[in-house]
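A quick write-up on the structure given underneath.
The structure displayed is predicted, hence computed values, not measured ones.
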Amino acid sequence: MLEIWVRDAISDVLRSYLKDIGQENDIATLLPKGIRLEFPKKEGFGEISTPLAMHLSPLLKISPRKIAETLSPALASFPLFRSVDIAGPGYLNFTFSEESIRETLRKILDPHSDLVVPEEGKRRILLEFVSANPTGPLHVGHGRGAAYGDALSRVLKAAGHDVTTEYYINDAGNQMEMLGRSTCLAWRKLQRTVSESEETDFLKGATPYKGDYIREIAQEMIDTPGLLSVEEARAALDPEAPESSYLSRFTEFSQDRIMDGIREDLRQFGVPFDVFFSEKVLHEKKEGEGSDAISRWIGRIREASADAREHSVPDVYESDGALWLRTTVLGDDKDRVLLRSDGRLTYFAADIAYHALKMERGFDVLIDVWGADHHGYIPRMDAAVRTLSRLLDRPVEFRVALIQLVSLVRDGRPVSMSTRGGEFVTLREVLDEVGNDATRFSYLTRSHESSLEFDLNKAKERSMDNPVYYVQYAHARVKSLLRQADARGLPIPSVWTAADLESLGEPAERDLVRFLDRFSMIVNDVSRSLEVHPLTEYLTDLAGRYHHFYFHHRILSQEPQDRSLTFARIALSVAVGRVLEKGLGLLGISAPDVM
RNA sequence: GCGCCUGUAGCUCAGUCGGAUAGAGCGAUAGACUUCGAAUCUAAAGGUCGGGGGUUCGAUUCCCUCCAGGCGCGCCA
């Protein structure tokens, strides 16, 4: 709130200043990036400051010092401030009044306030994340996407948006058949020996999915009577029998089992999804050839092709017997095939239909969370969405968050991982070993755009190496303090008055209040930038500040003359507890009362 | 070869769309529990911000170039 109040005060004063000096342009024109506010780390530069005068100086052809000198008296007259100082080349450094600080704390304590100021312009957002292929259990890389996407969805909701979370199941295409063959092969091997040549023939030279989970699924198929008819079982054992007579059984069963496992992993991790969207749906032909969603959307784009060209949006053309989308007009490296020369649709075509449906469902922001190895896919998808946007005459914001790699470290050594080889560490294993809260926190301490080193030993440690406990401890500490206050017969009001906060005022207390006040801004920044880690960092910082304060200040005093101060400090602690709880909640991490 | 990400303290990383003396944790060093929870706190140490140019009153931040690492460049998904 303080930040907003300061901004308003400056705008107010600046507006009349510009008028006085005969400046035609308004603030928005002069300062397209807005009025910059800073939170000086060092003492002596005020509690909040702005380099505004330096920014205006070249535009107004007036020295920054002079601008600052004109603005500062007007600003100083606001009850918001205790003082406004000019420093250095022309910084305006503000110090808040006691009333401002108390009012800020009162707002944080207000049980009816949300702690986060909603953003202007509520938007309908579809947030798609994880979307791992159902060919194996979730591994630690997926876990990062899950933790990130879930936290982001909570933040976006807190910022006032209407968010739907979605998991796209890539359950169509030849990788699914490969999965079926992999299970079938394991199934055969459980019943008889399989020669190398038979294996190679069967797999058509490709590498199968391996790993215990494939064998377990195969075993389950053997153990469950009735899954395969006698004919199907006989055919599946016979290398000469046509694949079509049995393979789909293996494919479907494997996929269902794996998807069940993924859902269970996500449930255990505390990552709910509003929608699981199956790619298969896009391929369904309810009314004969060409009636599937993909064909229909490709058809529509094709029809609008001439119009597209006029508007510099990709058009569709035929070449080498295939159908292409001219994505290069929007910056892609090369044009992309929609319909292959053999008549089969590409994955890209399916993705276009999928995103078209997202738009048709009424979302105005589409956020896709992808693994960093898909970054080459962004230009074509972006081109596709813009094509669809033009086609549907609907403005849509499309954003992709790329999640960089996670490398696991155990005992100081990297743990090697490869999905196909079945040699990977699953999310489940990490959760069982490290626990939910520590796992999520570890994932969210770094920018998603940086590769992450996940140290299993450190994630389990209960030290500052693993700040989740540091933050949770601060929360538990507040709760413990309140229990102690209660035991001593100190009533804790549900609504705090300005009088309760009367004794608040020493720098350490002011600093805490001002820091608490920044919470909303941090959350709003996350919502805009899609960078979640500043919130994690903020909470660690806040916890540290509270621990520091706690260590150096007696909060519950027995002396009668300290009663007012005791109340003020309890209020401050309650506020810290509220913000920690809210912040941890946004990250999907628990805020325990006792540890 | 082209594109994207990354390069900041011994290690892992922050660094507010260009701002004041570049920050934090870990590790290593030295300390603090008779009082609200020591899963905490305190002190001091640690830097050519990968190298070199440029733009600017001001560059870790923007531009160019070089070096190093990761990833991606299919009518695969």
Side-chain angles (χ1 to χ4, degrees), chain A residues 32-34 36-42 44-45 49-51 54-55 57-58 64 87-91 93 133 135 170 172-176 178 279 319-324 333-334 336-348 350-351 371-379 402 404-405 407 409 412 445-447 449-453 455 458 461-470 472-474 476-477 479-485 487-488 518 521-522 525 528-529 533-534 536-537 540-541 543-544 546-548 550-558 566 569-570 573 594-595:
Chain A
K33 291 177 180 176
R36 183 170 173 73
L37 294 182
E38 290 168 8
F39 301 92
K41 289 179 278 282
K42 302 278 176 178
F45 294 123
S49 82
T50 179
M54 279 97 89
H55 291 164
S57 172
Y91 280 98
N93 295 341
N133 295 338
T135 55
N170 289 153
N174 51 27
Q175 62 172 351
M176 283 297 108
M178 202 55 229
E279 185 191 344
S319 176
D320 303 326
L323 198 64
W324 300 70
D333 293 341
K334 52 188 80 166
R336 305 296 173 177
V337 171
L338 299 172
L339 186 61
R340 289 183 277 235
S341 50
D342 63 5
R344 287 156 59 229
L345 291 157
T346 59
Y347 176 85
F348 179 47
D351 228 3
D373 53 343
H374 289 83
H375 72 253
Y377 199 74
I378 294 175
L402 289 178
Q404 292 291 331
L405 288 181
S407 55
V409 175
T445 46
R446 310 282 178 245
S447 164
E449 284 184 18
S450 293
S451 56
L452 175 77
E453 188 171 290
D455 190 316
K458 287 185 175 177
E461 265 178 47
R462 306 203 152 191
S463 69
M464 195 44 206
D465 222 2
N466 189 15
V468 66
Y469 298 112
Y470 186 78
Q472 288 182 323
Y473 183 58
R477 185 168 241 181
K479 293 296 182 183
S480 168
L481 183 89
L482 297 180
R483 285 192 295 273
Q484 186 64 231
R488 295 186 188 184
R518 284 164 65 177
M521 190 188 77
I522 298 283
D525 282 349
R528 274 189 290 271
S529 68
H533 76 280
T536 315
E537 201 154 289
T540 309
D541 200 349
Y546 186 69
H547 285 312
H548 176 89
Y550 180 92
F551 198 85
H552 295 280
H553 296 80
R554 188 78 206 166
I555 294 171
L556 304 178
S557 169
Q558 308 281 26
T566 296
R569 287 182 174 169
I570 289 175
S573 299
V594 284
M595 293 174 71

Heavy atoms under 4.0 Å, any strand shown: does [X] hit a base, just sugar-phosphate, or nothing?
X: A:Met54; result: base
X: A:Ser450; result: sugar-phosphate
X: A:Arg488; result: sugar-phosphate
X: A:His533; result: sugar-phosphate
X: A:Asn170; result: nothing
X: A:Ala350; result: nothing

Next on the checklist: I want to confirm an ordering. Mapping A:Lys334 and A:Ser557 to their closest nucleotides on RNA chain B, which one lands closer to the 5' end?
Outcome noted: A:Ser557
Next on the checklist: Taking the nucleotide of RNA chain B with the nearest heavy atom to each, does A:Arg477 or A:Leu345 sit closer to the 5' end?
Outcome noted: A:Arg477
Residue [X], side-chain heavy atoms: nucleotide from [options] that is nearest:
X: A:Arg36; options: B:C17, B:A38, B:C76; value: B:C17
X: A:Arg483; options: B:C36, B:C13, B:G37; value: B:G37
X: A:Ala476; options: B:G37, B:C73, B:G70; value: B:G37
X: A:Gln175; options: B:U40, B:C36, B:A77; value: B:A77
X: A:Val594; options: B:G3, B:G37, B:G74; value: B:G37

Item to check | RNA chain B base-pair string [pairs: Watson-Crick or G-U under 3.5 Å; |: paired with another strand] | outcome: (((((((..((((.....[...))))..((((.......))))......(((((..]....))))))))))))....
Polar side-chain contact [X]-[N] base: donor and acceptor under 3.5 Å:
X: A:Asp351; N: B:A77; answer: no
X: A:Thr540; N: B:A24; answer: no
X: A:His375; N: B:G3; answer: yes
X: A:Ser341; N: B:C75; answer: yes

Checklist entry - Quick check: does any side chain N or O of A:Ser341 sit under 3.5 Å from a backbone N or O of A:Ala322, one acting as donor and the other as acceptor? => result no
Checklist entry - Tell me: CZ of A:Phe551 to C1' of B:U40, nearest whole Å? => result 7 Å
